[in-house]
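Single-structure report; data block below.
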Amino acid sequence: MNQKKFLKRDALISAVVIISFLLTSFVLGSELNSNESPGVITKLCAGLAMPYKNIGNIEKYIINSVSPVPDIHLDAPDTDSILDEPEDPYSDISKAVKKAQSEYDEGLYPDKGKVVEKDMSQTKATDTVGNVLIQNATDGEKPDFEKMINNFTSLKIEDKSQPCVLIYHTHTTECYKLLDNGVYSEKWQSRNRDPALNMVRVGDELARVLTEMGFTVIHDENIYDSSYSGSYDRSRETVQKYLKEYPSIKVTLDVHRDAIYADNNERYKPTVIINGEKAAQVMIIAGREEGSITDFPNWEENLSFALALQKSVQNDFESLMRPIFFARRQYNMDVTPYSLLLEFGTDANTLGEAVRSANYVGKSLGNLLEECINEK
């Protein structure tokens with residue numbers, strides 16, 4: 001076939017394709033978006049000069065340009081919306097839960113005792129200031145908690161784009177149950193070196209929320225409790241290195257989980273329902289220079305920060321917090337005036353519940369830190 005005949009055939013085929021497109025659009029009752037029409041026409045006209053092997057590309061373009069007819073019998077996903085959807089930050093937990101459920105169903109984890117859900121938002125509270133509850137376990141003169149809450153103004157963040165929050169885990173390998181099934185297994189291990197399943201995963205969520213709020217966060221994932229003895233000394237050494245390298249760090253958070261056992265093989269999980277979902281209740285530990293604790297000069301500022309954070313979370317998420325445990329403790333909380341130890345649930349809570357709580361605490365902490373940004 002000579003070149004003229006070849007071009008004539010291409011033109012004829014192109015015309016047929018275009019006419020087919022117009023008829024299809026009419027029959028399906030669909031129209032091109034007015035903003036797209038010029039581009040469509042240009043590409044179709046250009047197709048008249050295309051060789052035969054590229055006609056298929058025009059056909060694909062035409063097919064993709066026609067709005068699909070809704071079919072109530074089909075539940076096809078919207079490709080564009082799928083591409084636009086952010087990645088599920090909790091998909092890793094869902095997979096771990098699914099795997100654990102399968103193993104439990106196979107009988108790999110025989111039950112040993114009950115898991116008892118309990119609201120501990122008021123347990124052992126000795127003092128109440130508004131919605132802030134405190135368990136004062138110290139012997140010295142009682143601080144003016146109300147004054148501390150109302151006058152918390154000392155924390156100043158100069159630039160939140162610089163590292164200002166450090167999250168770390170002295171007891172890194174502490175972990176949680178995966179299944180919310182009311183029992184725990186005799187084979188269940190309450191320690192795990194996998195950062196996807198231990199305290200690092202909770203810290204990840206806390207850091208993620210603060211980062212999304214514009215704060216620069218350092219999350220240290222090192223394991224310090226391979227040997228339980230000396231773990232606080234090891235984590236302290238790392239924290240001091242970070243503070244020396246990044247003097248902009250104002251807040252340090254040592255993220256743990258608690259453990260509450262009963263003599264009858266029951267384990268307790270402090271739990272609250274928020275937005276229709278279970279969350280692990282959280283306890284702040286604040287220390288005091290007293291008795292054997294002799295080198296903690298900034299404990300009052302530290303306590304003031306703990307009270308302010310407790311109030312911020314309680315305002316946003318009622319009953320998420322257990323009473324602040326104010327005791328003769330230090331736990332590396334002397335490294336800055338704004339250093340706290342946070343206990344997210346217990347080993348009887350699920351990982352999902354603890355991570356959900358980290359999300360909530362992160363939002364409330366972010367709101368509090370926003371108020372502390374030093375306006376120049």
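Given the structure is predicted, the values throughout are model-derived calculations rather than measurements. Nothing fancy with the numbering, it's 1 onward along the sequence.
Within a 6.0 Å sphere centred on OH of Tyr109, other residues, nucleotides and ligands contribute 12 heavy atoms or fewer. Open room surrounds CD on Gln122; 12 or fewer heavy atoms of other groups in view lie less than 6.0 Å from it. Shown here is Glu212, whose CD atom has more than 12 heavy atoms of other residues, nucleotides or ligands within 6.0 Å. A 6.0 Å sphere centred on CZ of Arg191 holds more than 12 heavy atoms belonging to other residues, nucleotides or ligands.
The pair Arg208-Glu205 counts as a salt bridge, with a side-chain nitrogen and a carboxylate oxygen less than 4.0 angstrom apart. Here Asp347 does not pair with Lys269 in a salt bridge; the nearest charged N to carboxylate O distance is not below 4.0 Å. Salt bridge annotation for Arg236-Asp334: present, with a cationic side-chain nitrogen under 4.0 angstrom from a carboxylate oxygen. Salt-bridge formation is not detected for the pair Asp316/Lys363: no Lys NZ or Arg NE/NH1/NH2 atom is positioned less than 4.0 Å from an Asp or Glu carboxylate oxygen.
If you chain together hydrophobic residues whose side chains sit under 4.5 Å apart, Leu133 and Leu342 never meet in one group. The hydrophobic cluster containing Leu166 does not contain Met333, counting ILVMFWY residues as joined when their side-chain heavy atoms lie under 4.5 angstrom apart, directly or transitively. There is a path of hydrophobic side-chain contacts, each under 4.5 Å, that joins Ile285 to Met148. Val239 is not connected to Val217 by any chain of hydrophobic side-chain contacts under 4.5 Å among Ile, Leu, Val, Met, Phe, Trp and Tyr, and they are in different clusters. When the side chains of ILVMFWY residues are joined at heavy-atom separations under 4.5 Å, either directly or via intervening members, Leu206 and Met283 end up in a single hydrophobic cluster.
What you find for Pro110 and Ser185 is that their closest heavy atoms are O-OG, 2.9 Å. Between Ala125 and Pro323, the shortest heavy-atom contact is CB-CG, 3.9 Å. Residues Pro163 and Ile218 share a closest heavy-atom pair of CB-CD1, 3.9 Å. Smallest separation of non-hydrogen atoms from Tyr176 and Thr346: CD2-O, 3.2 Å. Between Asp295 and Gln330 the shortest heavy-atom distance is O-NE2, 2.7 Å. Of all heavy-atom pairs between Ile157 and Lys250, the closest is CG1-CG, 4.4 Å.
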Tyr360 vs Phe317, ring pair (Phe, Tyr, Trp, His ring centres under 6.0 Å): CA-CA, chis, key distance, verdict: CA-CA 7 Å; Tyr360 297 149; Phe317 307 102; 4.5 Å; yes

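Side chains of Tyr331 and Asp254: a donor-acceptor N/O pair is absent below 3.5 angstrom, by distance only.
The residue from Asn302, Asn136, Thr138 that alone fulfils the side chain to side chain donor-acceptor pair (under 3.5 Å) condition with Arg288 is Thr138.
Between Phe326 and Trp299, the ring-plane angle classifies as parallel under the 30° and 60° cut-offs. The aromatic rings of His256 and His171 sit perpendicular to each other, their planes meeting at more than 60°, with 30° as the lower class boundary.
Using a distance-only test at 3.5 Å, with no hydrogens or angles considered, a donor-acceptor pair links the side chain of Glu290 to the main chain of Gly140.
Geometrically, Lys160 engages Phe215 in a cation-pi contact defined by less than 6.0 Å to the ring centre and at most 45° from the axis. Relative to the ring axis of Phe344, Arg257 does not place its NZ or CZ within 45° and under 6.0 Å from the centre. Both the sub-6.0 Å distance and the 45° axial angle are satisfied by Lys118 relative to the ring of Tyr268. Annotation: cation-pi pair Arg234/Tyr224 absent, no NZ/CZ under 6.0 Å from the ring centroid and within 45° of its normal.
Aromatic rings of His219 and Tyr168 (six-membered ring for Trp) have centroids beyond the 6.0 Å cut-off, not under it.
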